[in-house]
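Reviewing the structure listed below.
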There are 2 protein chains.
Amino acid sequence: MDFDQADRVNQAIRLLSLRHRARTAELLAPLGLHPGQEALVLELARTGPMIQAKLSEALNIEPPSVTLMARKLEASGHLRRTPAPTDKRASVVELTDSGRALAGQLKRLWRALAEETVAGLSARKVQDLPGLLTTIAANVDTRHRR
Amino acid sequence: MDFDQADRVNQAIRLLSLRHRARTAELLAPLGLHPGQEALVLELARTGPMIQAKLSEALNIEPPSVTLMARKLEASGHLRRTPAPTDKRASVVELTDSGRALAGQLKRLWRALAEETVAGLSARKVQDLPGLLTTIAANVDTRHRR
DNA sequence: CGGCTAACGTTATCTGCATAAGGTTAGCCG
DNA sequence: CGGCTAACCTTATGCAGATAACGTTAGCCG
């Protein structure tokens with residue numbers, strides 16, 4: 001592959017990252033959320049209460065990021081952190097009523113964003129898109145390298 | 001589109017962003033660069049000296065980001081910022097010899113990353129990928145919205 | 001049971017990128 | 001030529017996310 005072609009690939013990914021995040025920020029702003037936080041709330045809504053280490057793994061972000069984001073979502077009343085009964089090191093995080101209500105809002109918004117994202121694509125391409133993106137994401141995964 | 005499908009789309013994009021950036025960081029680290037800076041250097045290598053406002057537009061990032069990133073690349077000796085002769089408000093930024101050498105390294109690395117990214121995809125899909133990503137990036141572009 | 005390692009979480013610090021606000025200069029228009 | 005707007009850059013601040021380093025607890029193993 002020559003440089004121009006490689007650059008097109010890399011730059012397209014970078015641009016998509018920037019724009020998708022910016023659009024997410026725009027949609028999330030009315031809810032008082034910042035991009036990244038929606039993933040945390042949606043994961044808790046999907047899976048239920050869990051330890052922070054689990055969240056870190058589910059979201060593919062590092063534990064310190066979970067600590068800080070959870071602290072902010074706790075401050076805004078959307079979630080609660082309680083010491084784990086079985087393990088004094090761990091802390092369980094779960095949605096509050098406010099957090100569950102927020103998750104409902106998020107789900108609607110999340111569908112709107114996805115529809116906007118794939119606008120104009122054929123049904124086949126829409127169908128294949130998640131798989132395609134997941135594949136190339138796996139290709140550049142930092143962990144299972146050589 | 002139902003929520004699960006929408007979530008797959010959005011989450012795939014988020015995951016790709018995280019992983020591609022992480023892999024970029026890993027590859028850039030030996031050169032002493034952080035992700036994002038490579039775009040700046042490559043743009044200067046491609047287009048030549050330019051005003052910061054132009055750079056901001058080319059990279060799709062805001063002017064304050066350019067200021068800070070350029071300051072750091074200047075500190076590490078890869079570029080130089082000189083007052084624009086025709087416009088006292090503007091400052092021209094250009095690569096130094098060290099910066100040009102770095103750009104050469106970057107180009108090789110950039111090709112390797114792209115090849116790694118599209119590994120296992122059919123030639124057709126590789127061919128279509130940049131266009132596809134650019135299309136969906138345009139779909140979520142914040143600016144030309146209603 | 002004592003000690004060692006591994007896991008959980010936290011704090012500190014760094015980066016990219018964003019918005020808000022402010023100082024200078026360009027450039028136009030009356 | 002004076003004033004007004006718009007463009008260029010910068011500083012301050014906030015957020016996500018990363019690493020490094022640290023204290024605390026689990027859990028295993030001699």
Side-chain angles (χ1 to χ4, degrees), chain A residues 13-29 31-41 50-76 81-93 142-143, chain B residues 13-29 31-41 50-76 81-93 142-143:
Chain A
I13 294 175
R14 178 175 173 274
L15 189 63
L16 174 59
S17 302
L18 283 174
R19 290 238 206 280
H20 191 263
R21 187 179 188 85
R23 182 62 179 140
T24 301
E26 203 173 56
L27 291 172
L28 253 40
L31 302 183
L33 288 185
H34 294 270
Q37 302 182 338
E38 87 288 345
L40 205 161
V41 172
M50 61 201 295
I51 250 54
Q52 284 188 195
K54 267 286 185 189
L55 247 185
S56 162
E57 192 182 1
L59 300 179
N60 286 284
I61 60 180
E62 297 301 314
S65 301
V66 175
T67 296
L68 297 177
M69 289 167 71
R71 202 200 282 318
K72 279 162 196 167
L73 287 171
E74 187 179 34
S76 49
R81 297 187 313 144
T82 56
T86 76
D87 188 337
K88 286 179 187 168
R89 301 167 300 177
S91 85
V92 176
V93 52
T142 320
R143 282 168 307 198
Chain B
I13 293 176
R14 178 175 172 273
L15 189 62
L16 174 59
S17 301
L18 284 174
R19 290 238 205 280
H20 191 263
R21 187 178 188 86
R23 181 63 179 137
T24 301
E26 203 174 55
L27 291 172
L28 254 39
L31 302 182
L33 288 185
H34 293 271
Q37 301 182 336
E38 88 287 345
L40 204 162
V41 171
M50 61 201 294
I51 249 54
Q52 283 188 196
K54 267 286 186 189
L55 247 184
S56 163
E57 193 183 359
L59 300 180
N60 287 283
I61 60 180
E62 297 300 315
S65 301
V66 175
T67 296
L68 297 177
M69 291 168 70
R71 202 200 281 316
K72 280 163 196 167
L73 287 171
E74 187 178 35
S76 49
R81 302 194 304 150
T82 56
T86 75
D87 189 334
K88 285 180 188 168
R89 300 167 302 177
S91 86
V92 176
V93 52
T142 319
R143 283 170 305 200

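Proteins come first, then strands; the chains are lettered A, B, ... in the order of their sequence lines, and each starts at number 1.
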query: Side chains of M50(A) and V92(A): closer than 4.5 Å at any heavy-atom pair?
result: no

statement: Whole-Å distance, R19(B) CZ to dG17(D) P, equals 13 Å

message: On DNA chain C, does the nearest nucleotide to R14(A) precede the nearest nucleotide to D87(A) from the 5' side, or the other way round? Give the residue.
response: D87(A)

- prompt: Is there a residue in residues 53-64 of chain B whose heavy atoms reach under 4.0 Å of DNA chain D, and which residues are they?
  reply: A53(B), P63(B), P64(B)

task: Kindly indicate whether the side chain of R14(A), heavy atoms from C-beta on, has any atom under 4.5 Å from the side chain of R21(B).
output: no

query: Rounded to whole angstrom units, what separation is found between the CD atom of Q37(A) and the C1' atom of dC15(D)?
result: 8 Å

statement: Rounded to whole Å, the CG-P distance (L18(B) to dA16(D)) equals 13 Å

query: Are any of the side-chain heavy atoms of S56(B) and P63(B) separated by less than 4.5 Å?
result: yes

field: Any-strand Watson-Crick or G-U partner of dA20(C), both distances under 3.5 Å
entry: dT11(D)

N/O (side chain, K72(A)) to phosphate O (OP1/OP2, dA16(D)) under 4.0 Å: yes

task: Could you check how far CE of M69(A) sits from C1' of dA18(D), rounded to whole Å?
output: 13 Å

field: Heavy-atom pair of closest approach, residues K72(A) and Q37(A)
entry: CB-NE2, 4.4 Å

task: Would you mind reporting whether L27(A) and E38(A) have side-chain heavy atoms less than 4.5 Å apart?
output: no

- line: Smallest heavy-atom separation, T24(A) atom then P35(A) atom, equals CG2-CB, 4.1 Å

- request: Calculate, to the nearest 0.5 Å, the distance between atoms CZ and CG belonging to R23(A) and L28(A) respectively.
  value: 11.0 Å

Opposite nucleotide pairing with dG2(C), Watson-Crick or G-U, both atom distances under 3.5 Å: dC29(D)

Atom-to-atom span, NE2 of H20(A) to P of dA16(D) - whole angstrom: 17 Å

task: Look at T67(B) and dC9(D) and indicate whether a side-chain polar atom (N or O) is within less than 4.0 Å of OP1 or OP2.
output: no

task: Could you say whether H34(B) or R81(A) is positioned toward the 5' end of DNA chain C, judged by the nucleotide with the nearest heavy atom to each?
output: R81(A)

message: Could you go through D87(B) and I51(B), starting from their C-alpha distance and side-chain angles, then the distance that decides it, and tell me whether this counts as side-chain contact (heavy atoms from CB on, under 4.5 Å)?
response: CA-CA 10 Å; D87(B) 189 334; I51(B) 249 54; over 6 Å; no

message: Rounded to whole Å, please give me the gap between CG in L33(B) and C1' in dA18(D).
response: 16 Å

- prompt: Does the side chain of V66(B) reach to within under 4.5 Å of the side chain of V93(B), using non-hydrogen atoms?
  reply: no

- request: Rounded to the nearest angstrom, tell me the gap between atom CD in E26(B) and atom C1' in dT19(D).
  value: 13 Å

task: Measure the shortest side-chain to side-chain distance between L55(B) and I61(B) over non-hydrogen atoms and say whether it is less than 4.5 angstrom.
output: no

- line: Applying the 3.5 Å cut-off to both distances, the Watson-Crick or G-U partner of dG9(C) turns out to be dC22(D)

message: I want to confirm an ordering. Mapping S91(B) and S65(A) to their closest nucleotides on DNA chain D, which one lands closer to the 5' end?
response: S91(B)

query: Which part of the nucleic acid, if any, lies within reach of L68(A) when heavy atoms closer than 4.0 Å are counted: base, sugar-phosphate only, or nothing?
result: nothing

- line: Under a 4.0 Å heavy-atom criterion, DNA chain C is touched by chain B from dT15(C) to dA26(C)

